[in-house]
Undergrad: 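Structure provided below as structure tokens; questions to follow.
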Amino acid sequence: MSLKSSNLQRSAEGSPDGKAAVLEERPTGVATAARTRAEKKVRARVITQTPPARPASAADDVEAMYIEHRSLLLYVAARKFRIPECDSENLIHEVFISFLQTGTKINDVRAWLVAAMCNASRHYWRAQGRTESLPDDFGDQQDPGSHGLADKFATQMTVHQALQYLPQKCRETLWLHYFEGRSAADVARELETTSRYAEKLIHNCLKRVREIYLNITSVTR
Amino acid sequence: MMVEEKHYDDDSLIALASASVAMDEHLTACSDCRERLETYRLIAEAMADETTWNTRPLSDAPVPETIANLRGFADRMAIEDAEAAQLLPNLLVGPREQWMSTLHHHSEYRTAGMVRKLLEAVPTALDIMPRDAVELTALAIEIADNLETATPQLRGAAWRERAYALFYTGDFVGAEKALCASERHFTESVANEYDLARVGVVRALVERGLERYTSAIGHARESARLFRMYEDKTRNASARLAEVNLLLISHQYDRAYTALVAFRNELCRELDSDAYGRVLANLGYCCWKLSRSDEALHYLDAAAQLFEELGVSTEATRARWNAARVLAAEGRINDALPRLRAVVTEVERTGMMASATEASLEIAELLLATGAFDEANEICRVAMRRFEQSNLAYTVPALTALALMSEAVRTRTATRRMVQDVREYLRQVPDQPTLLFAFRPE
């Protein structure tokens with residue numbers, strides 16, 4: 001028999017309709033899809049214009065992937081699931097080991113890693129639950145939505161970063177309105193000012209966050 | 001407030017972002033305003049989450065130890081795989097009955113790389129010689145289960161592939177045991193959902209074979225949910241269509257219709273065109289079974305057109321064939337006949353002779369209803385010639401059935417029911433070459 005084919009795309013469960021999965025690897029990160037697409041185009045052009053280089057080894061690939069996605073994965077584990085940072089790093093390692101062994105092409109690497117990170121984080125707390133008490137809101141962390149997790153966490157991470165650039169008063173205003181859900185009138189009372197001014201402040205602060213957010217994600221407007 | 005050129009200003013967009021209002025005409029048309037609104041919504045949503053406000057600093061720097069470990073693991077895998085690729089042909093020398101014995105005499109084959117190479121060889125082997133594929137998985141398991149350094153993922157993958165190979169060869173009970181072993185191994189890993197979802201799809205297939213439809217539907221659905229979480233669109237679509245297929249097999253047409261409509265509404269015709277086409281084709285079939293013929297024809301024609309645009313001619317033909325069947329079932333013989341003739345031409349062109357015979361007999365059945373016995377008899381003769389030329393294990397019994405039908409057509413005593421009997425027999429005889437043919441008593 002011929003064993004020369006080593007097509008990993010057709011694996012056991014992928015074949016019920018006899019279709020091979022044609023999946024596309026794409027670069028990922030906190031940056032927006034627009035930026036990613038633009039980068040990809042540039043990269044593709046560079047590849048076609050330069051002589052063939054030595055192919056990157058699997059080790060180089062995984063290192064590049066780790067560096068690209070580590071911040072987001074750490075954010076998911078340490079912030080979203082409140083796992084201590086050193087344990088989070090171990091979970092990131094485990095997630096990458098699983099990724100390397102999937103034996104199939106993954107079409108959205110970032111989404112895969114983020115979903116696997118959530119999976120590993122829940123596993124972590126289940127294991128911890130046997131020996132120590134869980135965080136109060138463990139229930140909330142069981143299933144943080146089911147779709148677009150990577151984008152959601154990436155946005156949160158970027159907004160978190162953007163907030164650091166704001167003056168204290170602006171951060172406080174946004175916290176009161178968007179996190180605590182207070183009305184402009186409530187915010188005005190808290191800040192001892194008029195409703196009209198509070199509303200203006202909320203709008204201006206949000207506009208500022210958006211500007212910083214767009215700068216971080218480098219979207220050309 | 002709208003400003004010049006009728007764009008929204010930021011204050012208006014911020015107000016809109018905090019209200020759940022539907023898109024107005026301008027927002028629908030203006031991508032700039034829509035994107036600005038979407039960004040405000042995303043930011044507002046992020047700020048409603050406590051995590052965003054956590055001020056505890058996180059280390060930015062990648063950890064050198066993690067990098068070193070991952071590089072080491074990837075390098076080891078690459079070296080093992082390269083070595084295994086060299087050794088694999090030596091392990092698989094001779095008939096498959098010898099392979100296990102060769103493995104027992106050569107410890108150098110016992111590596112994780114060899115397990116991966118054996119598993120990579122399974123899909124091709126399934127196409128050529130399924131029993132070889134089953135043996136390949138036996139070798140992979142023998143190595144993985146006895147290899148101290150094997151990871152749970154490696155063992156789980158070996159057992160999952162075995163389950164599929166056993167399912168493929170009809171050993172559903174063996175496949176089910178293999179699935180349990182696969183799940184047991186994957187459960188040891190901390191990031192196992194994706195692998196378990198893949199096991200779930202095989203489980204759905206196996207349970208379909210065991211006619212445990214309710215449970216199979218549950219597994220397909222759970223796998224689809226997990227694939228969606230991992231944004232694996234292709235596997236998500238396969239799992240959802242597997243669920244639909246199970247609903248159709250178990251005659252739950254209403255539920256299948258609901259699931260298909262929901263799926264169609266989530267897909268984009270341009271971006272997910274292949275899945276979209278399959279959903280349309282299934283919707284057509286489902287509507288046919290729900291006696292909604294006009295809708296069925298609409299969906300099947302749309303599916304055929306889409307598959308044609310995509311160059312998936314076999315699926316386009318399948319959709320057109322089903323559309324012809326809908327028309328035939330409606331009694332619209334004059335509409336059905338040209339469509340069926342086109343199907344026969346198309347499947348003959350692609351060399352699918354069994355399908356060509358099946359479609360021809362469907363034409364013969366309609367011709368009998370119109371009294372066109374001569375043409376029906378010609379169809380019998382062509383079908384017999386096809387079987388004579390193909391010289392299959394079941395050629396003789398197939399010829400017998402067709403000869404009986406031809407005789408009845410020639411003497412003008414043939415009925416549509418007789419043609420149906422022959423069609424059904426020709427469907428079954430490839431799997432049961434010793435099956436005898438007889439017309440059902442009238």
Side-chain angles (χ1 to χ4, degrees), chain A residues 1-3 5-8 10 12-14 16-17 21 23 57-59 62-63 66-67 70-71 74-75 78-80 85 89 91-98 100-103 107-108 111-112 115-116 119-120 123 146-147 149 155-156 159-160 163 174-175 178-179 203 206-207 209-210 213, chain B residues 10-11 14 39-40 42-44 46-49 51-54 58-60 62-63 66-67 69-71 73-75 77-78 88 92 119-121 123-125 128-129 132 151 153-154 157 160-161 164 189-191 193-194 198 201-202 205 225 228-235 238 241-242:
Chain A
M1 67 177 262
S2 163
L3 292 172
S5 166
S6 59
N7 182 1
L8 273 175
R10 205 198 105 178
E13 83 303 345
D17 58 1
L23 308 172
S57 70
V62 74
E63 179 176 345
Y66 167 78
I67 289 169
R70 179 188 176 268
S71 298
L74 184 67
Y75 181 86
R79 289 257 190 272
K80 196 73 205 167
E85 209 171 315
E89 185 65 29
L91 290 181
I92 292 172
H93 176 261
E94 288 301 318
V95 164
F96 273 98
I97 293 292
S98 286
L100 288 171
Q101 297 184 88
T102 49
N107 56 351
D108 188 333
W112 194 99
N119 178 206
H123 186 278
S146 62
H147 190 45
L149 284 177
T155 305
Q156 277 182 9
V159 173
H160 169 84
L163 289 171
L174 292 172
W175 161 274
Y178 287 102
F179 181 69
H203 281 212
L206 184 59
K207 283 183 221 168
V209 179
R210 180 174 165 270
Y213 176 91
Chain B
D10 282 290
D11 288 318
I14 290 169
T39 317
Y40 280 126
L42 283 174
I43 293 170
M47 286 193 297
D49 192 301
T51 317
T52 309
W53 297 94
N54 191 328
L58 283 178
S59 101
D60 279 338
V63 178
T66 308
I67 293 177
N69 281 335
L70 292 175
R71 288 189 69 94
F73 191 85
D75 273 340
M77 274 181 80
L88 186 66
L92 304 180
L119 298 182
E120 281 176 23
T124 312
I128 300 166
M129 185 62 75
D132 282 357
T151 59
Q153 289 95 332
L154 187 75
R160 180 179 59 210
E161 210 67 25
Y164 185 70
S189 155
V190 301
E193 271 174 352
Y194 186 77
R198 293 173 66 187
V201 174
V202 184
L205 293 172
R225 187 186 72 82
R228 184 183 163 90
M229 222 156 87
Y230 284 77
E231 294 185 35
D232 187 335
K233 284 186 173 183
T234 310
R235 285 198 164 87
S238 288
L241 289 172

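Naming convention: chains lettered A, B, ... in sequence-line order (proteins, then strands); numbering from 1 in each chain. Bear in mind the structure is a predicted one, so any value in this text is a computation, not a measurement.
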Undergrad: What distance separates A:L149 CG from B:R228 CZ, expressed to the nearest 0.5 Å?
TA: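 It is 10.5 Å, given to the nearest 0.5 Å.
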Undergrad: Is there a side-chain contact between A:K207 and B:Y40 (heavy atoms, below 4.5 Å)?
TA: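 The answer is yes; the side chains approach within 4.5 Å.
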Undergrad: Verify, without hydrogens or angle tests, whether B:R198 (side chain) and A:T102 (backbone) share a donor-acceptor contact under 3.5 angstrom.
TA: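 Pair found, side chain donor or acceptor close to backbone of A:T102.
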Undergrad: Does any non-hydrogen side-chain atom of B:D49 lie less than 4.5 Å from one of A:K80?
TA: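 A:K80 reaches B:D49 side chain to side chain.
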Undergrad: Of all the heavy-atom pairs spanning B:P62 and A:Y66, show the shortest one and how long it is.
TA: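 Smallest interatomic distance, heavy atoms only, reads CB-CE2, 3.5 Å.
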Undergrad: Taking C-beta and beyond as the side chain, do B:T51 and A:H160 meet within less than 4.5 Å on heavy atoms?
TA: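 When only atoms from C-beta onward are counted, A:H160 and B:T51 do not touch, as no gap falls below 4.5 Å.
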Undergrad: Could you tell me which non-hydrogen atom of A:S98 sits nearest to which non-hydrogen atom of B:A191, and how far apart they are?
TA: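 So the two residues come closest at OG-O, 3.5 Å.
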Undergrad: When rounded to the nearest 0.5 angstrom, what is the spacing between CZ in A:R70 and CG in B:D60?
TA: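 Result: 8.0 Å between the selected atoms.
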Undergrad: So which heavy atom on B:M229 is nearest to which on A:A115, and how close?
TA: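 Taking every non-hydrogen atom into account, O-CB, 3.6 Å.
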Undergrad: A:V62 and B:L70: which non-hydrogen atoms are nearest, and at how many Å?
TA: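 Looks like CG1-O, 3.8 Å.
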Undergrad: For chain B, find which of A:L91, A:V209, A:I92, A:I97 contributes the most heavy-atom pairs closer than 4.5 angstrom.
TA: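 Heavy-atom pairs under 4.5 Å are most numerous for A:I97.
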Undergrad: Roughly how far, to the nearest 0.5 Å, is the CG atom of B:L42 from the OG1 atom of A:T155?
TA: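 It is 5.0 Å, given to the nearest 0.5 Å.
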Undergrad: Do you know which of B:D10, B:L58, B:N69 has the most heavy-atom pairs with chain A at a distance under 4.5 angstrom?
TA: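 Answer, by heavy-atom pair count under 4.5 Å with chain A: B:L58.
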Undergrad: Within this structure, what is the CD1-CZ distance for the pair B:I14 and A:R210, rounded to the nearest 0.5 Å?
TA: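 Answer for the CD1-CZ pair, B:I14 versus A:R210, is 9.0 Å.
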Undergrad: Quick one: pull up CZ in B:F73 and CD in A:Q101 and give me the separation to the nearest 0.5 Å.
TA: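 Reported to 0.5 Å precision, the distance equals 4.0 Å.
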Undergrad: B:A44 versus chain A, heavy atoms under 4.5 Å apart: side chain, backbone, both or neither?
TA: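 Both parts, backbone and side chain.
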Undergrad: Look at A:I67, A:V95, A:L163 and state which one has the largest set of heavy-atom pairs under 4.5 Å with chain B.
TA: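 That would be A:L163.
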Undergrad: Of all heavy-atom pairs between B:W53 and A:F179, which one has the smallest distance, and what is that distance?
TA: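 Heavy atoms of B:W53 and A:F179 come nearest at NE1-CB, 3.7 Å.
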Undergrad: I need the A:F96 CZ to B:T66 OG1 distance, nearest 0.5 Å.
TA: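 Reported to 0.5 Å precision, the distance equals 10.0 Å.
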Undergrad: Side chain, backbone, both or neither: which part of A:L174 has a non-hydrogen atom closer than 4.5 Å to chain B?
TA: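 Both parts, backbone and side chain.
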Undergrad: Do you know the tightest heavy-atom contact between B:E193 and A:N119?
TA: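 Closest pair (atom of B:E193, atom of A:N119, distance): N-OD1, 2.9 Å.
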Undergrad: Is the backbone N or O of B:S59 less than 3.5 Å from a side-chain atom of A:E85, with the two atoms forming a donor-acceptor pair by type?
TA: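 Present.
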Undergrad: Taking only Lys NZ, Arg NE, NH1 and NH2, and the carboxylate oxygens of Asp or Glu, determine whether B:K233 and A:D108 approach each other closer than 4.0 Å.
TA: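 Result for this pair is no, no salt bridge flagged.
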Undergrad: Measure B:M77 against the heavy atoms of chain A and call it side chain, backbone, both or neither at under 4.5 Å.
TA: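 For B:M77, the side chain is the part near chain A, not the backbone.
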